[in-house]
Q: 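Supplied in structure tokens, the structure appears directly below.
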Number of protein chains: 2
Amino acid sequence: MTKKEKILEAGLKLFATEGYTATSTNKIANAAGVSEALIFRHFLSKEGLLSAIVKEGESAFKNLYTPILKESDPKEVIRLTIALPLTVPESHYEFWRLQFRLKWELQSVNHKKSQPLIDKLSWAFAELGVAHPKQEAEFLSDYLEGLASQILLGKEVNKKKTEEFLLLKYKLT
Amino acid sequence: MTKKEKILEAGLKLFATEGYTATSTNKIANAAGVSEALIFRHFLSKEGLLSAIVKEGESAFKNLYTPILKESDPKEVIRLTIALPLTVPESHYEFWRLQFRLKWELQSVNHKKSQPLIDKLSWAFAELGVAHPKQEAEFLSDYLEGLASQILLGKEVNKKKTEEFLLLKYKLT
DNA sequence: GTCTATAAACAGATAGAC
DNA sequence: GTCTATCTGTTTATAGAC
């Protein structure tokens, strides 16, 4: 692993656990086993490092839900959406914790980012003859947001049982 | 209003909007129209000020949901719980934004804080003959958490329509 | 209670050697 | 690419006068 990668790794870890503002470049350098100046050589500024980290993994979200947008079976659309927060591997938690943290720490909330998914969900519910498809889609989306928060904040969640419950609730079994 | 109260008010506002770490005591003093030293006179440290702010409003959460715990009609329990995030006046948003922010910024997450409410919800669902009352309670709680997040992060939510939809969904009309 | 002045540590960032 | 040394402004916090 190059020193640049070590900085990215240490930055992700510290930003995700301690927060962006609360993490000094000095702390990152120590954690990465690197001189502080190297951070600025590679990323110009502390914000540059943050951008690089966010960018590096930003496609992750799109990659996660684009298969759903392409799905043509409405039941499968809902099934896959439900599985979203429940199948993310724990090794990715750090990255996602950072994303959720940044929503609150910086004002960088992009409500439109999940709009394509909500629209697709809305389509799926309509297809299945559900009464208020748009509101059902918003409802499910908000629930999954809440569930993801709880998981990332360390609440014990039985993922298997939760998924079974949801599949039953949405009549997908 | 005393200067101490002015500090508390400015602190709440700034911590809620900019975050705890990103807000300097100097900024707070300026916003409150007070010398910086006065903050330390009254609250000993920056963290002391934070504690005072959190404590001052901590009972707010309890006061919000204790009426629900005392309710004996299961339908009314669910109705009141749903109304929780939808009836908080916008003037209280600042305080709640701070609470949500702190969950991520400090590691001070108290998952047990909402447990009494979840237990009561679970009781209500059981009383109404719902199949998986415990999981239904968790589900509703997570949804409301997600909804509250969205609202506090500035998403446009039609509260009236949302409440109508939920009352219909939970067969409370 | 409240201020001015200031200490001491720490922040992000740069210069220049290797 | 990587380091040591250092600059400059800011941060939390205190001392002491009123």
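Each chain gets a letter, A, B and so on, in the order its sequence line appears, and its residues count up from 1. None of the values given here were measured: they were computed from a predicted structure.
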Q: From C-beta outward on B:Phe40, which listed nucleotide comes closest to its side chain: D:dG1, C:dA13, D:dT14?
A: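 Nearest listed nucleotide: D:dT14.
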Q: Nearest to the side chain of B:His42 - D:dA13, D:dC3, C:dT2?
A: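 Selected nucleotide (nearest to the side chain): C:dT2.
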Q: Could you state the atom-to-atom distance from CZ of B:Phe43 to P of C:dT2 in whole Å?
A: 11 Å
Q: Expressed as a whole number of angstroms, how long is the span from A:Asn30:CG to D:dC3:P?
A: 11 Å
Q: Can you tell me which nucleotide in C:dA13, C:dT14, D:dA13 comes closest to the side chain of B:Glu36?
A: D:dA13
Q: What contact category does A:Thr23 fall into here, base, sugar-phosphate, or nothing, at under 4.0 angstrom with non-hydrogen atoms?
A: sugar-phosphate
Q: Any idea which of D:dT4, D:dT11, D:dT2 is nearest the A:Ala37 side chain?
A: D:dT4
Q: Are any of the side-chain nitrogens in B:Glu127 or B:Lys75 under 4.0 Å away from the carboxylate oxygens of its partner?
A: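 Result for this pair is no, no salt bridge flagged.
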Q: Quick check with a 6.0 Å cut-off and a 45 degree axis cone: is B:Lys46 positioned over the face of B:Tyr20's six-membered ring?
A: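 Yes, B:Lys46 sits over the ring of B:Tyr20.
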Q: Between P on D:dT11 and OH on B:Tyr20, what's the gap in Å once rounded to a whole number?
A: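 From B:Tyr20 OH to D:dT11 P: 13 Å.
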Q: Taking only the side-chain heavy atoms of B:Thr25 (C-beta and beyond), determine which of D:dA15, D:dT12, D:dG1 contains the nearest atom.
A: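 It is D:dT12.
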Q: Side-chain N or O of B:Ser35 less than 4.0 angstrom from OP1 or OP2 on C:dT2?
A: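 Checking C:dT2 against B:Ser35, no side-chain N or O comes under 4.0 Å of OP1 or OP2.
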Q: Quickly work out the A:Ile39 CD1 to C:dA13 C1' distance and round it to whole Å.
A: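 These atoms are roughly 11 Å apart.
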Q: In plain terms, say whether B:Glu94 and B:Arg97 are close enough for a salt bridge, that is, a side-chain N and a carboxylate O under 4.0 Å apart.
A: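 No.
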Q: So what does B:Lys3 hit on the nucleic acid, given a heavy-atom distance under 4.0 Å: a base, only sugar-phosphate, or nothing?
A: sugar-phosphate
Q: Respond yes when some side-chain nitrogen or oxygen of B:Lys27 is under 4.0 Å from OP1 or OP2 of D:dT10, and no when none is.
A: no
Q: Just how far, in rounded Å, is P of D:dT10 from CD1 of B:Ile28?
A: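 B:Ile28 atom CD1 is separated from D:dT10 atom P by 17 Å.
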Q: Below the 4.0 Å mark, does C:dC10 have OP1 or OP2 next to a side-chain nitrogen or oxygen of A:Ser24?
A: no
Q: Can B:Glu164 and B:Lys161 be counted as an ion pair, charged N to O under 4.0 angstrom?
A: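 Salt bridge flag = no for B:Lys161 with B:Glu164.
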Q: Within this structure, what is the CG-to-P distance between A:Leu14 and C:dA11, rounded to whole angstrom?
A: 12 Å
Q: What is the distance, rounded to the nearest whole Å, between atom NZ of A:Lys46 and atom C1' of C:dG12?
A: 8 Å
Q: Within 45 degrees of the ring normal and closer than 6.0 Å to the centroid, is that where the cationic atom of A:Lys134 sits relative to B:Phe165?
A: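 No, A:Lys134 does not lie over the aromatic ring of B:Phe165.
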Q: To the nearest Å, give me how far apart CG (B:Asn26) and C1' (D:dT10) are.
A: 9 Å
Q: Assign each of A:Lys4 and B:Ala22 to its nearest nucleotide of DNA chain D by heavy atoms, then name whichever residue's nucleotide is nearer the 5' end.
A: A:Lys4
